Asks: 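Got a structure for you, written out below as structure tokens; questions coming shortly.
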Amino acid sequence: MEEIKQELDSISEEMAEALYEFRRCEEFKKITFSQIALTYKLEKNCSVAEAEKYSYSDDKYKTIIEGLLYAEKKYTLLKAKYSNLLVFCDLYRSFMAPLS
């Protein structure tokens, strides 16, 4: 059981780090999108709506989105692993209860 507790603690730390990375990527996405849109607005002398349209298809923005999706996937997998370990602990306790 001590090993499982250590594993849960370790996954908790990894989850916190993954959530931090995910939220950081979300904020960076917003900043990057604004910078790209402003660049298009100035370069093309177009409306804000048009500049935003160009921004969504920009390669830099697509790269940021890929990073964001990867960070979210990493967090989600760690969250599932943590939940699975908790379920295992509950099942183990249920199994051991009639034996004592």
Side-chain angles (χ1 to χ4, degrees):
M1 276 314 252
E2 185 61 33
E3 288 177 20
I4 292 173
K5 183 190 177 312
Q6 289 174 348
E7 183 73 17
L8 285 169
D9 289 344
S10 173
I11 293 172
S12 294
E13 286 292 323
E14 290 178 50
M15 276 177 53
E17 187 63 35
L19 181 59
Y20 167 79
E21 188 66 29
F22 173 66
R23 289 191 174 150
R24 194 171 70 82
C25 286
E26 279 185 316
E27 291 305 314
F28 190 65
K29 178 190 87 160
K30 294 173 192 173
I31 293 166
T32 303
F33 183 79
S34 295
Q35 289 173 339
I36 294 169
L38 180 59
T39 300
Y40 277 115
K41 171 109 176 80
L42 295 173
E43 284 178 1
K44 298 189 179 280
N45 196 23
C46 59
S47 69
V48 172
E50 280 183 294
E52 287 179 352
K53 183 181 76 171
Y54 291 125
S55 299
Y56 282 119
S57 60
D58 188 272
D59 287 336
K60 286 183 241 170
Y61 187 70
K62 288 177 185 176
T63 301
I64 297 297
I65 295 298
E66 284 298 318
L68 179 64
L69 292 173
Y70 176 77
E72 182 179 26
K73 177 183 176 183
K74 185 177 176 182
Y75 173 70
T76 302
L77 289 172
L78 286 166
K79 193 172 165 183
K81 187 175 180 180
Y82 186 85
S83 294
N84 288 342
L85 277 171
L86 287 178
V87 168
F88 174 78
C89 288
D90 288 342
L91 289 173
Y92 185 76
R93 272 190 239 130
S94 296
F95 174 76
M96 295 304 288
L99 299 176
S100 45

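Here the structure is a predicted model, which means the values were calculated and not measured. Below, all heavy atoms of this structure are taken into account, side chains as well, without hydrogens, waters or symmetry copies.
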Asks: To the nearest 0.5 Å, what is the distance between CG (Leu8) and CD (Glu13)?
Replies: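 So the gap between those two atoms works out to 12.5 Å.
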Asks: Cluster question for you: counting only ILVMFWY and a side-chain heavy-atom cut-off of under 4.5 Å, with indirect links fine, are Leu77 and Tyr82 together?
Replies: no
Asks: What are the two closest heavy atoms between Lys79 and Met15, and how far apart are they?
Replies: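 Smallest interatomic distance, heavy atoms only, reads CA-SD, 3.8 Å.
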Asks: With distance as the sole test, does Thr32 use its side chain to make a donor-acceptor pair with the main-chain N or O of Lys29 at under 3.5 Å?
Replies: no
Asks: Within this structure, what is the CG-OG1 distance for the pair Leu69 and Thr76, rounded to the nearest 0.5 Å?
Replies: 10.5 Å
Asks: What pairs of residues pass the ring pair (Phe, Tyr, Trp, His ring centres under 6.0 Å) test when at least one of them lies in residues 11-38, not counting sequence neighbours?
Replies: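 Qualifying pairs, neighbours excluded: Phe33-Tyr56, Phe33-Tyr61.
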Asks: Give, for atom CG of Leu19 and atom OH of Tyr75, the distance between the pair rounded to the nearest 0.5 Å.
Replies: 5.0 Å
Asks: Tell me, please, which residues at least two apart from Glu14 pass side chain to side chain donor-acceptor pair (under 3.5 Å).
Replies: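 Listed in chain order: Ser10.
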Asks: Honestly curious: do Ile4 and Leu78 fall in one hydrophobic cluster under the side-chain, below-4.5 Å linking rule?
Replies: yes
Asks: If you round to the nearest 0.5 Å, how far is CD of Glu21 from OH of Tyr70?
Replies: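 The CD atom of Glu21 is 9.5 Å from OH of Tyr70, to the nearest 0.5 Å.
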Asks: So Asp58 and Lys62, salt bridge (charged side-chain N to carboxylate O under 4.0 Å, His left out) or not? Walk me through it.
Replies: CA-CA 6 Å; Asp58 188 272; Lys62 288 177 185 176; over 6 Å; no
Asks: Membership question, hydrophobic clusters at under 4.5 Å side-chain separation (ILVMFWY): are Tyr40 and Ile65 in the same one?
Replies: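 Yes, because Ile65 and Tyr40 connect within a single hydrophobic cluster, where side-chain heavy atoms sit under 4.5 Å apart.
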Asks: How close do Ala37 and Ala51 get, heavy atom to heavy atom, and via which atoms?
Replies: O-CB, 3.3 Å
Asks: Is a side-chain N or O of Lys41 found less than 3.5 angstrom from the main chain of Cys46, in a donor-acceptor match?
Replies: yes
Asks: Out of curiosity, Asn45 CG to Leu42 CG, how far, rounded to the nearest 0.5 Å?
Replies: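 Here the interatomic distance stands at 8.5 Å.
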Asks: If I take atom OG from residue Ser55 and atom CD from residue Glu50, how far apart are they, to the nearest 0.5 angstrom?
Replies: 11.5 Å
Asks: Please name all residues satisfying side chain to side chain donor-acceptor pair (under 3.5 Å) with Glu27, sequence neighbours left out, ordered by chain then number.
Replies: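 Partners of Glu27 under the side chain to side chain donor-acceptor pair (under 3.5 Å) test: Lys30.
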